[in-house]
Amino acid sequence: MSAAKAITPDVLVVGGGPAGLSAATTLRELGVDKVVLLERDTVVGGIPRHCGHSPFGMREFRRILSGTRYAARLEARARDRGVEILTRHSVLSVGDGVVRAVSPDGPSEFRPRRILLATGTREASRAARLVSGERPLGILNTAALQAYVHLEKLAPFRRPVIVGTELVAMSAILTCLSGGIRPAAVIEANADPTARFPFWLLPRLLGIPVHYRTEIGAINGKGRVQEVVARSQAGELGIDCDGVLFTGAFTPESALARLGGLAIDQGSGGPVVDAFGRTRDGAIFAAGNLLRPVETAGWCWAEARRIAGSIARDLEGGLPPRRASIPIRTGAGIKLVVPQEIDSKKIDVKEIDRVDLPRALPELQLRFSERLRGTLTLSAGDSVLWSRRITSAPERRILIPTAHLPIPPAATELTLQVVQSKAL
């Protein structure tokens, strides 16, 4: 193998989805001289580039676009601002201020002043879901379906069973329809849909049967999927189909963060970050769905702009040193919180959409793992800093503003919990 080329950008962005492109573009707009973005695929754009349907782009471009056109616009804007985009670059390691990558042209070594990880998320596979049965053709996840339909112009099946009701499942239904595919049924293990109203109405409006409190018991078929055995409290149900589409159940693509020795949060599956988007390695930031599974492209785009603002400030010495911030502990039923650490300094945040915010993550972002009802509290010891009555389904985004929290100077830990919670 030839010697690695040494490159020294101001900021190196790893990942070319909406978050990575947004951050790289914003950094250039804020005057950062050399910004390099690495993408392992042949083109940038992330998941949206596979989505031939709308709506994308209202927050970013003030118009409704298909995912494909949206991704192309993000790329065009980044290149126009002077971002150096290197595709077909697979990052091998991140650590000690060095990022090592390999491409068809050989190995490369980057020594940036700051690093932004925006490696995104992935759907859980059939194996990860522990679904038994035979292994015929016709079992896919959403990304594979979108690649078949929108990129290859192929229909991998005609009557699939869709597993899951997250927003990505609704996207999968639209992808199916655009490819002449009619889902046979939708299966959801929980009692309620994961997607918010009105999105979860889509399968019902299209006349697609939806089975709640139901899981796949087995997949049967010789050569190709022929039947799914669905199991619920009412018993077993055989559904004739020619495919199975697993959607959702996302996990952050955190392999690089783990290999780099960054602290990983067990709830989110992504790296532990502070309110500026910094990992515990103060020179490495994280953004997008690496922080938690899973937010929309528009949310990741806006959040990454603010984190880019943090990076630009840090390059100028405008951020406080990365120090031992106050960790946030979560109680029963709370799946995750982002950021996982917060400083005690009060910061007046008046315009949360500006890229030059002191705090890139001005709220605590929560998700529940189950349906809970009660009083959500944030406490420091016996002192309640914030509380609100709440009823929420699993995976719903809940935000707690942090700008004016009266955090005691001596606080060493904050606790988030639902008091007198009740599973519904």
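Since the structure is predicted, the reported quantities are computational estimates derived from the model, not experimental observations.
- Considering all non-hydrogen atoms of both residues, E60 and R77 come closest at O-NH2, 3.7 Å.
- Taking the side chain as every heavy atom from C-beta outward, R40 and H89 never approach each other to under 4.5 Å.
- The distance from atom CG of L237 to atom CD of E227, rounded to the nearest 0.5 Å, is 9.0 Å.
- Residue-environment remark: CZ (R224) exceeds the threshold of 12 foreign heavy atoms within 6.0 Å.
- Looking at T26, its side chain never comes within 3.5 Å of a backbone N or O of A308 through a donor-acceptor pair.
- Although no hydrogens or angles enter the test, the distance criterion places no donor-acceptor pair under 3.5 Å between the side chain of R81 and the main chain of T25.
- Remark: the backbone N or O of F276 is not paired with any side-chain donor or acceptor of R306 at under 3.5 angstrom.
- Neither side chain, Q417 nor T330, offers a donor N or O lying under 3.5 Å from an acceptor on the other.
- No side-chain donor from either of R396 and S392 sits under 3.5 Å from a side-chain acceptor of the other.
- Q233 and R213 are not linked by any side-chain donor-acceptor pair at a separation below 3.5 angstrom, with hydrogens and angles left out of the test.
- A salt bridge is absent between R88 and D41; no separation between the charged side-chain nitrogens and carboxylate oxygens falls under 4.0 Å.
- Minimum heavy-atom separation, A411 to A380: CB-CB, 4.2 Å.
- No donor-acceptor contact under 3.5 angstrom links the side chains of E152 and Q146, judged on distance only.
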(request) Begin with the C-alpha distance, continue with both residues' side-chain angles, and end with the deciding distance and a verdict on salt bridge (Lys or Arg N to Asp or Glu O under 4.0 Å) for E363 and R397. (result) CA-CA 11 Å; E363 301 110 351; R397 182 200 307 135; over 6 Å; no
(request) Before giving the answer on side-chain contact (heavy atoms from CB on, under 4.5 Å), spell out for T87 and V43 the whole-Å C-alpha distance, their side-chain angles and the decisive distance to 0.1 Å. (result) CA-CA 6 Å; T87 58; V43 294; 5.7 Å; no
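- Rounding to the nearest 0.5 Å gives a distance of 12.5 Å between NZ of K335 and CG of L366.
- When side chains are defined from C-beta on, E303 counts as touching Q365, because their heavy atoms get closer than 4.5 Å.
- Within the cation-pi definition used here (under 6.0 Å to the ring centroid, within 45° of the axis), R388 does not qualify as a partner of W386.
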(message) Before you tell me yes or no, could you show the steps for L378 and L414 under side-chain contact (heavy atoms from CB on, under 4.5 Å), namely the whole-Å CA-CA distance, both residues' side-chain angles and the distance that decides it to 0.1 Å?
(response) CA-CA 7 Å; L378 176 65; L414 303 184; 4.0 Å; yes
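- D242 places no side-chain N or O within donor-acceptor distance of the main-chain N or O of F157, the cut-off being under 3.5 Å.
- Pairing each heavy atom of F285 with each of G282, the nearest pair is CE1-O, 3.8 Å.
- Put simply, the side chain of Q226 does not reach to within 4.5 Å of the side chain of D240, judged on heavy atoms.
- A heavy-atom distance below 4.5 Å is not found between the side chains of F110 and V94.
- Rounding to the nearest 0.5 Å gives a distance of 10.5 Å between CG of L12 and CD1 of I284.
- With a 4.5 Å cut-off on side-chain heavy atoms, S171 and C51 count as touching.
- A donor and an acceptor atom, one from each side chain of T402 and R359, are located under 3.5 Å apart.
- Counting heavy atoms from C-beta on, the side chains of T68 and F56 never come closer than 4.5 Å.
- R371 and D192 are joined by a salt bridge, as a carboxylate oxygen and a charged side-chain nitrogen come within less than 4.0 angstrom of each other.
- The two residues T121 and P293 have their closest heavy-atom pair at OG1-CB, 4.0 Å.
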(message) For a side chain to side chain donor-acceptor pair (under 3.5 Å) check, start with the C-alpha distance between S369 and E395, then their side-chain angles and the critical distance, and finish with the verdict.
(response) CA-CA 6 Å; S369 58; E395 300 297 338; over 6 Å; no
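- Other residues, nucleotides and ligands contribute only 12 or fewer heavy atoms inside 6.0 Å of the CD1 atom of I64.
- Looking at T165 and E188, their side chains do bring a donor and an acceptor atom within 3.5 Å of each other.
- Residues L202 and L174 meet the side-chain proximity criterion, which asks for heavy atoms closer than 4.5 Å.
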(request) Apply side chain to side chain donor-acceptor pair (under 3.5 Å) to Q266 and Q340, showing your working. (result) CA-CA 11 Å; Q266 295 303 308; Q340 297 85 11; over 6 Å; no
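- Counted by atom type alone, T251 and R122 present zero donor-acceptor pairs between their side chains at under 3.5 Å.
- Under a cut-off of 6.0 angstrom, the local environment of OH in Y148 is sparse, with at most 12 non-hydrogen atoms contributed by other residues, nucleotides or ligands.
- Between S178 and V149, some side-chain heavy-atom pair lies under the 4.5 Å cut-off.
- With R204 contributing its side chain and W200 its backbone, the two residues share no donor-acceptor pair below 3.5 Å.
- No donor-acceptor pair closer than 3.5 Å links the side chain of R159 to the backbone N or O of C241.
- The OG atom of S232 sits 10.0 Å away from atom CD of E215, with the distance rounded to the nearest 0.5 Å.
- Counting only distance, with no hydrogens or angles, the side chain of N289 and the backbone of E295 share a donor-acceptor pair below 3.5 Å.
- The minimum heavy-atom distance between P209 and A184, with the atom names listed, is CD-O, 3.4 Å.
- Here the side chain of R231 pairs no donor or acceptor atom with the backbone of G235 at under 3.5 angstrom.
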(request) Determine, step by step, whether R280 and L262 satisfy the side-chain contact (heavy atoms from CB on, under 4.5 Å) criterion, reporting the C-alpha distance in whole Å, the side-chain angles of both residues, the deciding distance to 0.1 Å, and the verdict. (result) CA-CA 7 Å; R280 287 183 181 167; L262 299 180; 5.9 Å; no
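- Annotation: the span from E75 atom CD to L37 atom CG amounts to 9.5 Å, rounded to 0.5 Å.
- Taken to the nearest 0.5 Å, the CD atom of E413 stands 11.0 Å off from the OG atom of S379.
- Minimum interatomic distance between E39 and G17 (heavy atoms only, all atoms of both residues): OE1-N, 4.5 Å.
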(message) Is there a side-chain contact (heavy atoms from CB on, under 4.5 Å) between T175 and T142? Walk through the geometry before answering.
(response) CA-CA 9 Å; T175 299; T142 311; 5.8 Å; no
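- Not one N or O on the side chain of R100 forms a donor-acceptor pair closer than 3.5 Å with the backbone of L92.
- Not a single donor-acceptor pair under 3.5 Å links the side chain of S254 to the backbone N or O of A257.
- Cation-pi geometry between R73 and F61 is satisfied (NZ or CZ under 6.0 Å from the ring centre, within 45° of the ring normal).
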